[in-house]
Structures are given as structure tokens and as C-alpha cells.
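Data block below; observations after.
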Amino acid sequence: MDEFALIRQYFSHSTASIAKSASYVGVGDDCAALQPPQGELVICKDVLIEGRHFFSDVDPFLLGHKALAVNLSDIAAMAAKPIACLLGLALPRADEAWLEAFSRGFNRLAERYDCALVGGDTTRSDAGIFISVTALGLAQQPLPLRANAQIGDDLWVSGDLGSPNIALGLLLKQQQASLSEQELALLAATRLRLEQPEPQVHLGQLLRPYVHAMIDISDGVLQDLSHLLTASQLGAIVYAEQLPMHPALQAVEAKHALEAVLAGGDEYQLCFSAAPDYRRQIEQCALQAGTAVQRIGQITAARELILLDAAGQVVENLPQGFNHFP
Ligand SMILES: Nc1ncnc2c1ncn2[C@@H]1O[C@H](COP(=O)(O)OP(=O)(O)OP(=O)(O)O)[C@@H](O)[C@H]1O
Ligand SMILES: Cc1ncc(C[n+]2csc(CCOP(=O)(O)O)c2C)c(N)n1
Ligand SMILES: [Mg+2]
């Protein structure tokens with residue numbers, strides 16, 4: 001299958017609503033062309049590299065899903081609605097079975113969120129798979145920027161944390177040695193969160209009227225919260241025992257589980273700040289989106305992030321989150 005047949009077969013069948021407008025140009029010309037809808041256009045990009053972001057033997061259907069999901073998670077963190085995306089692919093070979101599954105995972109998530117795949121680029125790579133996705137979304141002012149947290153805001157997090165990091169640790173271990181039965185059970189209970197994360201697109205949009213600042217926690221909750229605090233020139237108190245932990249982590253030694261919750265990346269949940277007046281409304285948004293939300297602390301004036309344990313003691317030497325160039 002040649003380059004052009006490949007693009008036609010797997011990446012040119014978007015059924016999203018924006019692709020139905022009369023003047024729309026999608027995959028197949030020099031540029032895509034769309035009538036920008038009214039509102040604030042938000043744009044983001046995330047790159048995924050074989051061996052860095054995913055294992056070579058990952059299910060290509062799940063990889064296709066994840067490549068788009070990590071971008072839709074950034075769109076969700078702007079309380080925006082996805083509208084379109086572009087897919088850059090560099091592949092060592094045109095493996096049709098791989099492409100069929102990858103495109104099915106990608107296109108299925110795109111369809112679920114009415115996000116049109118409007119273009120991209122496909123090249124050969126000498127070694128390894130490289131994926132670059134750009135996503136466009138539509139937002140409304142005021143945007144829940146990282147810089148907009150206010151003193152006295154509640155801090156919240158969606159979902160439960162820790163499972164992607166535990167799954168990653170087990171998959172790395174499995175490359176060196178065989179896992180015990182207990183470890184295999186733990187891997188089975190956690191690996192879908194690593195390999196098929198669900199972006200919080202509905203929750204992000206529902207929260208828009210209530211939140212001041214929002215961020216997705218792809219690099220781990222402490223590190224991404226630190227980015228939000230630095231941008232807002234504020235600090236926070238976070239209560240360790242209020243951090244929502246994935247239930248499977250009961251089987252993990254407590255210190256290891258807490259590290260996974262605090263600093264494990266690949267979460268794709270939302271962390272946000274909002275005035276305490278909106279607690280009831282925020283709980284309602286979570287019910288409507290079918291996601292849990294948990295209050296984890298407060299925004300403070302002192303420019304530091306303080307983590308308190310169950311006894312109210314300050315936790316020292318906080319673990320670092322994910323960093324490509326530590
Ligand atoms: N090579 C680059 N050129 C221009 N801007 C960049 C580049 N790399 C990152 N950025 C910008 O830097 C900011 C922080 O990027 P970062 O990737 O840390 O955020 P993120 O995408 O929310 O997190 P993650 O990639 O972990 O999901 C974003 O505004 C991003 O657009
Ligand atoms: C094979 C393999 N090794 C390591 C990881 C962990 N990992 C890679 S990138 C990242 C943060 C988000 O990425 P970015 O900051 O690039 O958007 C994390 C937690 C993984 N998922 N797979
Ligand atoms: Mg990024």
C-alpha cells in the first residue's frame with residue numbers, strides 16, 4: 001500500500017459535524033479549510049515517541065486512542081469543545097494490520113467527541129514510530145488559565161490517581177522478569193488507565209462557569225499543580241489523605257502508592273481551583289459527567305506547595321513528576 005492509498009484508506013473518512021459544512025476542505029488538499037465557529041480558538045499539540053511514551057508492542061488500537069486522548073485532555077483543561085485535529089505520523093513501514101487498528105482507535109475517539117481529522121502528514125522513519133497530534137477546540141472567555149487561581153479557592157481533582165504509574169512500573173519490570181500472580185492481577189486492574197486514558201472533555205466544559213484555573217495532570221498532580229501555582233503566583237495546602245487513589249492501589253505498599261498518586265504521570269485527569277461557593281454546582285457537574293471529583297486542598301497566598309499528612313504534619317522531600325530532561 002503506497003503513501004497516498006494509506007492516507008485515503010485510514011485517515012480520510014471523518015464524519016464530524018464541521019466536515020459537513022459546504023465550504024469544508026478536509027484531508028486531500030494542501031491545507032484543510034474550515035469556517036471558524038464563533039468563540040475562542042484553542043490549539044495544542046502533544047508528541048508520542050516509541051519507547052518514550054509507549055512500548056513497541058502496545059495494542060495499536062489503544063495507541064491510536066491515546067494519541068488523540070492526550071490532546072483532547074489539554075482541550076478539556078481549557079473547558080473547550082474539540083472541533084478538529086491533525087495527525088503527523090512517521091512509521092518505519094506501512095504495516096496494514098497496525099494502521100487499521102491504530103486508525104480505528106484514533107477515529108473512534110474522534111467520532112465520540114465530534115472532532116474532525118482534517119489533515120496531517122505521513123512519512124517514513126528510519127527507526128521507531130513518531131506520532132504528533134494537533135487539536136483545535138472552541139472555548140469561551142474567560143478561559144480557565146493556569147494563572148487565574150485566587151486566594152481561598154478550593155483545589156479539586158477529578159477521577160482517581162496512581163494506576164497509570166503502577167501499570168508502567170509493572171510493564172517495565174515484566175521486560176526483565178516474569179511477574180507474580182499478584183502483580184499480574186494488579187497489572188490487569190491498572191493498565192487500561194495507562195493505555196486507554198479517557199480525556200475529561202465533558203467535565204471540563206461543564207465546569208467552565210465555576211472554575212478559575214484548570215490544568216490536566218499528564219506529568220503528575222504535584223508537578224502540574226506547581227505549574228498552576230507558579231503561573232498564579234500563589235501557593236497551596238494539599239491534604240495527602242484527600243487525594244483520590246485508584247482502588248487497586250490498596251494492594252501496593254503505602255509509600256509506593258502515595259508516590260504514584262503524587263508524582264505518577266499519564267493521568268489525564270483535571271486539577272482545578274474554584275471559589276468555595278460553587279461546591280454544590282461542581283459536585284453536580286461531576287454527576288452529570290459521570291466522573292468523581294474530590295476536594296484536595298486550598299489556594300494560599302504564600303508561594304509554596306505544602307502537603308500535609310493525616311496527622312497534619314508537613315510531608316518533606318516531595319517526589320518529582322515526569323520530566324523529559326531532568
Ligand atoms: N517546541 C515548542 N515550541 C513552542 N512551544 C512549546 C514547545 N514545547 C512546548 N511548548 C509550549 O509550552 C507550554 C508547556 O508545554 P507542556 O508540554 O509542558 O504542557 P502540556 O502539553 O499541557 O503538558 P503535557 O505535554 O505533559 O501534556 C505549552 O504552552 C506548549 O504549547
Ligand atoms: C514506554 C513508556 N515509558 C514511560 C512512560 C511515562 N511517561 C512518558 S511521557 C509521560 C508524561 C506525559 O508526556 P508528555 O510530557 O511528553 O506529554 C509519562 C508519564 C510511558 N507512558 N511509556
Ligand atoms: Mg505537551
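Numbers here are sequence positions counted from 1. Whatever order the structure lists ligands and atoms in, that order sets their numbers, starting from 1.
Geometrically, ligand 1 and Asp74 share a nitrogen or oxygen pair separated by less than 3.5 Å. The shortest N or O to N or O distance between Arg146 and ligand 1 is below 3.5 Å. Close N/O approach between Arg52 and ligand 2 is found [any backbone or side-chain N/O within under 3.5 Å]. For a threshold of 3.5 Å applied to N or O pairs, the pair formed by Asp266 and ligand 2 contains at least one separation below that value. Ligand 2 has no N or O atom lying under 3.5 Å from any N or O atom of Ser218, backbone or side chain.
Between the side chain of Asp224 and the main chain of Asp219, a donor-acceptor pair closer than 3.5 Å is present. Panel note: side chain Gln9, backbone Leu6; no donor-acceptor pair is recorded below 3.5 Å.
Within the 4.0 Å heavy-atom criterion, the part of Asp46 lying near ligand 1 is the side chain and not the backbone. Residue Leu48 does not touch ligand 2, judged by heavy-atom distances below 4.0 Å. Residue contacts with ligand 2, taken as heavy atom pairs separated by less than 4.0 Å, involve Asp219 solely via side-chain atoms from C-beta onward.
Counting the atoms of ligand 1 from 1 in the order shown, those under 4.0 Å from a heavy atom of Ser218 are 23 (O), 24 (P), 26 (O), 27 (O). Residue Gly265 approaches ligand 2 through these ligand atoms, each under 4.0 Å from one of its heavy atoms: 19 (C). Within ligand 2, counting atoms from 1 as listed, the ones closer than 4.0 Å to a heavy atom of Leu168 are 2 (C), 3 (N), 4 (C), 5 (C), 6 (C), 20 (C), 22 (N). Listed by number with element, the atoms of ligand 2 under 4.0 Å from a non-hydrogen atom of His53 are 2 (C), 9 (S), 13 (O), 14 (P), 16 (O), 20 (C), 21 (N), 22 (N). Near Asp219, meaning under 4.0 Å from one of its heavy atoms, ligand 1 places the atoms 26 (O).
The CG atom of Leu234 lies 7.5 Å from the CZ atom of Arg303; values are rounded to the nearest 0.5 Å.
A salt bridge links Glu100 with Arg104: the distance from a Lys NZ or Arg NE/NH1/NH2 to an Asp or Glu carboxylate oxygen falls below 4.0 Å.
Aromatic pair Phe11/His13: ring centres not closer than 6.0 Å.
Taking all heavy atoms of Asp46, Asp216, Leu194 into account, the minimum distance to atom 17 (O) of ligand 2 is reached by Asp46.
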Going by atom type alone, with no hydrogens or angles, which donor-acceptor pairs under 3.5 Å involve a side-chain atom of residues 22-29 and a protein atom two or more places apart or on another chain?
none

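The side chain to side chain donor-acceptor pair (under 3.5 Å) test with Glu198 singles out one residue from Arg193, Gln269, Arg112, and that residue is Arg112.
Side-chain atoms of Ser56 and Glu50 include a donor-acceptor pair closer than 3.5 Å.
Follow the hydrophobic side-chain contacts under 4.5 Å out from Tyr113 and you never reach Ile18; the two are in separate clusters.
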